[in-house]
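Computed from a predicted model, the values in this text were never measured in an experiment.
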Amino acid sequence: MANTALRTIGYLLVGAIILAAGTAVWFGINASRNTDIAQPYFEEQLPVIVGWDYQKLEPLLSSSLKAAFRSHEGQQAFQQFSQLGQFESFEQLQYVGADSQVAIGDGVYDLLRFSLLGHFREGDARVLITLAQTETSFLVHGLSLRSDVLAAPEAESQR
């Protein structure tokens with residue numbers, strides 16, 4: 001009886017290890033694939049996204065993020081973001097995760113979350129950007145920044 005219980009526990013443990021390893025491999029494959037897909041977009045559009053010129057940024061935003069930035073709180077967050085000054089460069093893009101087939105206002109998108117360390121004239125900031133993947137490109141669906149430069153401990157606008 002005890003041997004059967006120990007064997008069963010052993011099988012469950014081996015199964016859990018195999019499941020964890022499979023999940024890690026799957027995440028690694030998705031991280032690599034999604035980073036490869038998004039890297040050119042970030043290289044081209046990141047200066048616009050963190051350039052603090054809303055007129056240039058607006059066409060890159062999802063409808064819900066546009067609405068968030070139009071709110072009083074969104075305008076305050078955008079003003080806080082601009083305290084960082086001119087964008088200079090960014091460190092390697094890091095894949096954070098994804099959600100598939102999420103309904104957002106005017107459509108259904110795959111959401112991809114990325115983090116990077118941005119270097120700005122006034123200091124560094126940890127930038128978290130959520131992209132809504134369209135058929136041909138991306139829309140910025142979430143934007144969050146953390147920096148000692150910003151007046152509030154954490155300023156963010158993400159819906």
Exercise. So which of Gln92, Gln94, Glu91 actually passes side chain to side chain contact (heavy atoms under 4.5 Å, CB included) with Leu117?
Worked result: Glu91

Could you pull out every donor-acceptor pair under 3.5 Å between side chains of residues 44-55 and any protein atom, sequence neighbours left out?
from  : atom 1 : to    : atom 2 : distance (Å)
Trp52 : NE1    : Val50 : O      : 3.2
Trp52 : NE1    : Gly85 : O      : 3.1
Asp53 : OD1    : Gln55 : N      : 3.2

Problem set entry | Sequence-distant partners of Glu122, side chain to side chain contact (heavy atoms under 4.5 Å, CB included), two or more places apart | Val149

Problem set entry | Atom pair NZ (Lys66) and CG (Leu60), whose distance is rounded to the nearest 0.5 Å | 9.0 Å

Problem set entry | Atom pair CD1/CG of Ile129 and Leu116 - distance to nearest 0.5 Å | 5.5 Å

For this session: In sequence, state the C-alpha distance, the side-chain angles, and the governing distance for Phe90 and Val127, and then conclude on side-chain contact (heavy atoms from CB on, under 4.5 Å).
Result: CA-CA 9 Å; Phe90 72 96; Val127 182; over 6 Å; no

Problem set entry | Plane angle bin for Phe114 and Phe42 - parallel if under 30°, tilted between 30 and 60°, otherwise perpendicular | perpendicular

Seminar exercise, completed: Correct closest heavy-atom pair for Ala125 and Leu145 would be CB-CD2, 4.1 Å

May I ask you to test the [X]-[Y] pair for a side-chain heavy-atom distance under 4.5 Å?
X      : Y      : result
Tyr41  : Leu131 : yes
Arg113 : Asp99  : yes
Gln101 : Asp110 : yes
Tyr109 : Thr130 : no

Exercise. Do the side-chain N and O atoms of Gln39 and Glu43 include a donor-acceptor pair separated by under 3.5 angstrom?
Worked result: yes

Exercise. Between Gln75 and Arg70, is there a donor-acceptor pair closer than 3.5 Å when you use the side chain of the first and the backbone of the second?
Worked result: yes

